[in-house]
Number of protein chains: 2
Amino acid sequence: MTITLEQLNAAPRDQAAQWLLGLYEHSDWIAEKALDLRPFRSLAQLKHAMVQVLHAAGREAQLQLIRAHPELAGKAMVSKTLTAESTNEQSKAGLTDCTPEEFAHIQQLNADYNAKFGFPFILAVRGPRGLGLSRHDIIATFERRLHNHPDYELAEALRNIHRIVEIRLNDKFGITPTLGQQVWDWQERLAQHTDPGYAELGQLTVTYLTDAHRACAQRIAHWMNECGFDDVRHDAVGNVVGIYRADATQTHARTLLTGSHYDTVRNGGKYDGRLGIFVPMACVQQLAKAGRRLPFHLEVVAFAEEEGQRYKATFLSSGALVGQFDNAWLDQQDAEGITMREAMRHAGLCVEDIPAIARDPARYLGFVEVHIEQGPVLNEQDIPLGVVTSINGSVRYLGEVRGMASHAGTTPMDRRRDAACAVAELALFMERRAAKDGDSVATIGQWLVPHGSINVVPGCCQFSLDLRAPTDAQRDALARDVLAELQAICERRGVHHRLEETMRAAAAPSAPEWKNRWTQAVQDLGVPVFELPSGAGHDAMKLHEIMPQAMLFVRGLNGGISHNPLESTTCDDMQLAVEAFQHLLDHLTP
Amino acid sequence: MTITLEQLNAAPRDQAAQWLLGLYEHSDWIAEKALDLRPFRSLAQLKHAMVQVLHAAGREAQLQLIRAHPELAGKAMVSKTLTAESTNEQSKAGLTDCTPEEFAHIQQLNADYNAKFGFPFILAVRGPRGLGLSRHDIIATFERRLHNHPDYELAEALRNIHRIVEIRLNDKFGITPTLGQQVWDWQERLAQHTDPGYAELGQLTVTYLTDAHRACAQRIAHWMNECGFDDVRHDAVGNVVGIYRADATQTHARTLLTGSHYDTVRNGGKYDGRLGIFVPMACVQQLAKAGRRLPFHLEVVAFAEEEGQRYKATFLSSGALVGQFDNAWLDQQDAEGITMREAMRHAGLCVEDIPAIARDPARYLGFVEVHIEQGPVLNEQDIPLGVVTSINGSVRYLGEVRGMASHAGTTPMDRRRDAACAVAELALFMERRAAKDGDSVATIGQWLVPHGSINVVPGCCQFSLDLRAPTDAQRDALARDVLAELQAICERRGVHHRLEETMRAAAAPSAPEWKNRWTQAVQDLGVPVFELPSGAGHDAMKLHEIMPQAMLFVRGLNGGISHNPLESTTCDDMQLAVEAFQHLLDHLTP
């Protein structure tokens with residue numbers, strides 16, 4: 001028997017609690033207590049109510065819940081019919097059919113995990129797509145999580161419990177996130193295309209105008225046509241542009257622009273960029289299937305180049321839409337010496353048509369973009385969607401401190417000119433200074449003592465600086481303080497430095513009316529409204545220069561890791577993103 | 001007319017002051033005031049008295065003295081007869097005959113130097129050997145010193161002034177440091193031998209049993225024979241051993257052992273190790289010339305291998321003398337795949353004879369070693385010789401911190417697990433902790449974020465630790481605190497680490513009676529007695545295991561830099577080292 005949300009909202013408390021029995025392992029009090037927050041306008045709201053109940057219950061209750069779970073390792077079983085085929089079969093879910101080596105390894109992991117954390121390892125084994133994780137995935141996750149900080153791992157265990165409950169709840173209510181699954185599956189299929197040399201490594205890398213890149217474009221265009229877009233084209237820089245026309249009665253209809261990029265970083269994730277192409281495609285698919293038209297044109301752009309991996313031309317394709325294609329890029333060479341001009345010619349693109357793809361803002365309502373968060377905030381908050389307040393402004397430097405290389409044994413501490421210690425001091429200052437702002441970030445990502453020897457005091461240290469803040473003024477104040485501190489450190493330590501600014505990007509605050517549209521959509525879905533800035537740059541930054549824009553973030557799993565194969569989110573969260581986008585479309589009155 | 005020290009000590013003050021006119025540029029008050037400290041037992045004592053007077057006079061007086069000097073750049077002159085030959089002639093001393101480009105460059109350096117420091121550039125252009133520096137050397141020094149910290153550069157200017165005065169004083173007293181010059185010249189000549197590929201770079205590299213290495217051994221043996229050693233041999237590991245026999249009446253004479261190594265690090269200095277071979281050789285040369293015999297045998301060993309460059313077998317040859325030759329070393333391969341066994345066979349060495357070169361301590365009085373300091377202490381103190389109290393014990397580790405690589409833009413400061421910042425915190429702790437001991441040192445010499453990206457929070461940081469202290473207990477306490485802090489940092493930051501101990505060497509305190517012999521020698525030379533530990537390891541560490549030992553350090557120029565072509569000391573300081581060694585020989589009664 002399946003329940004409806006209306007029934008749950010209307011039922012006497014005992015009856016409602018009865019329906020929710022068995023969601024949390026031996027801990028029905030959580031769902032019961034959540035019922036105080038009825039009525040729920042969506043399952044998402046009920047889920048979050050339960051998250052809040054457990055959060056408020058405190059650490060002891062949380063540990064008790066975790067310990068109420070049977071040990072996952074107890075489910076591991078050595079295959080009775082072990083063959084070469086079965087051991088190589090990665091897709092088979094769960095821990096049955098382990099090899100004896102795997103079984104022993106899992107028992108060891110389990111012992112180590114219990115010894116470190118004092119509670120059993122909990123994993124939502126049905127996974128983000130709901131199809132079940134492979135043995136290989138389960139073991140890799142076990143190994144990885146063993147390295148987590150205890151506080152983080154406690155929270156990760158709870159998140160896995162909430163995910164298990166989410167799937168159980170869907171079952172109880174007979175709900176399947178079909179649109180989220182559709183979006184998930186498109187991404188999974190698109191990730192089969194990867195640049196030469198990366199397939200063997202099992203890595204996803206799609207850089208500008210490679211064979212894999214052009215295959216992705218073909219595939220996206222193919223799916224756009226399947227969805228029912230009226231017009232699907234490859235433009236002069238390799239973007240795939242799909243248009244779903246307005247209601248024919250709207251003779252002067254303007255256009256809502258959306259989309260994101262399909263290129264990736266090297267060994268990147270499957271969702272970065274691509275999610276923002278497929279979410280609106282799923283909406284168009286539904287509109288076309290229902291024969292519905294909107295009072296405005298919807299234009300979905302799959303941007304060809306955002307990551308600047310093959311050529312140093314980050315945001316090339318969204319840049320072209322705002323008339324900023326730099327012809328000097330054409331003469332850049334990739335690592336194999338192929339110029340961008342040659343690569344474009346090879347891909348059948350017409351360089352001379354590039355200026356014509358710049359958009360006339362007068363024809364557009366604005367730009368919206370859905371993107372995976374690429375950060376840990378929504379995951380930590382246990383909230384599936386986030387409304388972006390601003391894309392942070394940033395500035396980057398490459399630097400070098402020069403001190404005096406000297407003998408590590410013979411140079412007293414008070415006579416050293418240690419270049420690396422000067423950078424160390426700067427790094428710790430940057431941590432404190434950025435934290436003071438709350439929403440600024442400051443990073444030394446590259447850090448090297450060239451030709452460093454174990455017994456030589458570093459005479460040189462090379463490093464990078466990456467500073468970001470939600471407004472240009474805040475970023476500039478941050479940069480001013482960091483550079484002043486570097487100067488002061490160097491003077492105090494008797495070392496000197498040089499610094500080269502390599503990038504500067506202005507902050508792009510969301511247009512208030514567009515941000516409000518996302519807020520309204522999220523709220524109407526019963527999802528708590530959570531605002532956050534975007535630390536990463538996005539195509540929306542470029543469109544920002546000619547039209548209003550606002551972004552919606554989708555929670556990432558695994559600590560929100562991105563630019564990494566561990567990047568992930570669930571099909572349930574993707575479903576919510578599609579519903580939010582659909583809501584925005586339905587409520588937009590041009 | 002030349003003066004004698006006796007005359008100076010006996011003369012009325014006015015007369016004495018008159019004799020010393022013109023030593024310090026327009027600043028005769030310095031020498032005059034130093035006369036208060038008469039009588040002087042040596043020129044070295046007079047020199048140091050003047051150093052003390054200027055030191056006590058304070059910064060203003062020092063600046064006035066510096067500013068009293070004419071600008072060196074004013075002496076630069078463009079050659080009037082500029083030919084290809086003359087422009088290539090590096091050996092010609094001084095700044096006459098500059099090319100127009102050099103002239104312009106010097107003027108620019110001069111302007112930059114004055115702007116940065118506010119005083120003229122002063123350089124003792126007659127150089128450490130007294131023969132005059134080349135244009136090339138002068139310009140390179142100018143460039144290098146422009147980068148110094150202002151406080152350091154002020155002291156460096158004063159040191160150059162004292163060196164100018166030293167040379168003027170030698171002239172006034174008609175004294176030439178001939179033995180120091182002899183030692184200098186041997187080192188200069190020996191430095192012509194360098195391993196293949198380094199000669200073209202103008203670099204000195206002599207690693208175990210290369211052609212250059214064997215040529216050095218031949219040359220040292222040749223000079224030992226010239227000096228009048230009774231017996232000169234190449235032993236089974238490539239050491240050159242020279243023996244100067246005791247007075248024939250001493251039928252049961254024991255042996256004083258001394259020496260140091262002739263191999264070098266890659267791109268090393270000319271004096272590291274070799275000074276400790278040539279100083280006793282100069283003494284034997286004098287003894288033999290005078291037909292004098294000592295009441296003990298003197299055995300000078302030029303050790304073949306101390307630096308562990310070609311093979312990981314540091315202290316191989318002094319190790320062999322204490323019976324610690326490790327046969328496993330023989331199978332080690334160098335970078336070209338040549339085993340040590342093959343290299344030894346090629347050099348004509350008999351591996352089976354190695355055990356026989358182990359020394360019987362009963363036949364030895366002890367071991368003494370002269371070595372360039374390889375550190376900044378004596379240079380800063382303006383003291384030419386230092387008595388070593390102990391060779392520091394050391395321990396080394398290679399380590400790695402693992403945090404979580406994440407997006408530099410999207411990961412808030414309070415949710416990072418930045419591996420490099422953890423190491424940064426450790427580095428600053430180590431600075432403070434080692435400084436607290438006063439004579440401990442702690443260094444992170446290798447420091448790397450592997451595959452670091454400007455926009456990624458470091459997920460991994462690899463580093464080395466080098467910890468040293470004058471006693472094992474002090475070293476162990478230091479290591480304990482550093483490792484505990486690393487643990488605490490990692491726990492606090494939620495990152496983890498691993499650490500591998502790669503080396504541990506016990507401290508080797510000087511034998512008191514042997515240290516006292518050096519002290520007495522230094523004192524009788526009129527040089528202030530200054531004690532210091534050795535931060536670097538030396539052959540004496542090995543001999544320490546079977547006999548009493550004590551070392552004498554000689555001041556290094558250029559901030560005491562070592563393992564570097566800038567390693568340097570003056571022939572005047574080498575002269576003092578020879579005199580101290582001779583004093584030790586003359587006063588040693590077995």
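Quick note on labels: first sequence line is chain A, next is B, and so on, each numbered from 1.
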Minimal heavy-atom distance between B:Thr443 and A:Pro458, with the atoms involved, is CG2-CD, 4.3 Å
Ranked by heavy-atom pairs below 4.5 Å to chain A, first place among B:Gly375, B:Ser406, B:Ala536 goes to B:Ala536
Heavy atoms of other groups near A:Lys312 NZ, more than 12 under 6.0 Å: no
Give the member of B:Ala424, B:Pro533, B:Cys461, B:Ala434 that has the highest number of heavy-atom pairs under 4.5 Å with chain A. B:Ala424
Tell me, for A:Glu491 versus chain B, whether the close heavy atoms (under 4.5 Å) come from the side chain, the backbone, both or neither. backbone
Heavy-atom proximity to chain B below 4.5 Å, by part of A:Met503: neither
Nearest heavy atoms of A:Ala442 and B:Arg416, plus distance in Å: O-NH1, 3.3 Å
Identify the two heavy atoms, one from B:Gln374 and one from A:His407, that lie closest to each other, and give their separation to 0.1 Å. O-CB, 3.6 Å
Heavy-atom pair count under 4.5 Å with chain A, highest-scoring of B:Ala405, B:Gly494, B:Cys490, B:Gly535: B:Gly535
With chain A, which of B:Thr502, B:Asp414, B:Asn455 has the greatest number of heavy-atom pairs at distances under 4.5 Å? B:Asn455
Can you see which heavy atom on A:Thr410 is nearest to which on B:Glu373, and at what distance? CG2-O, 3.8 Å
For A:His496, is it the side chain, the backbone, both or neither that has a heavy atom under 4.5 Å from a heavy atom of chain B? side chain
Can you tell me which portion of A:Ser394 sits under 4.5 Å from chain B's heavy atoms? Options are side chain, backbone, both or neither. neither
Please output the residues of residues 555-564 of chain B in contact with chain A, using a heavy-atom cutoff of under 4.5 Å, in numerical order. B:Ile561, B:His563
For A:Leu467, is it the side chain, the backbone, both or neither that has a heavy atom under 4.5 Å from a heavy atom of chain B? neither
Please flag which part of A:Phe463 lies under 4.5 Å from any non-hydrogen atom of chain B: side chain, backbone, both or neither. neither
Under a 4.5 Å cutoff for heavy-atom pairs, which residue among B:Gly403, B:Ala420, B:Pro150 has the most contacts with chain A? B:Ala420
Can you give me the closest heavy-atom contact between A:Met413 and B:Glu431, atom names plus distance? CE-CA, 3.7 Å
Between B:Val441 and A:Ala408 the two heavy atoms that sit nearest each other are CG2-O, 3.4 Å
Atom OH of A:Tyr152 and atom CE of B:Met404: how far apart are they, to the nearest 0.5 Å? 4.5 Å
Chain A: which of B:Ala435, B:Ala427, B:Cys421 shares the most heavy-atom pairs with it under 4.5 Å? B:Cys421
Side chain, backbone, both or neither: which part of B:Ile454 has a non-hydrogen atom closer than 4.5 Å to chain A? both
At a heavy-atom separation under 4.5 Å, does B:Arg402 approach chain A through its side chain, its backbone, both, or neither? neither
At a 4.5 Å cut-off on heavy atoms, which part of B:Val457 comes close to chain A: side chain, backbone, both, or neither? both
At a heavy-atom separation under 4.5 Å, does A:Ser440 approach chain B through its side chain, its backbone, both, or neither? backbone
Expected contact set for residues 444-452 of chain B against chain A at heavy-atom separation under 4.5 Å reads B:Ile444, B:Gly445, B:Gln446, B:Trp447, B:Leu448, B:Val449, B:Gly452
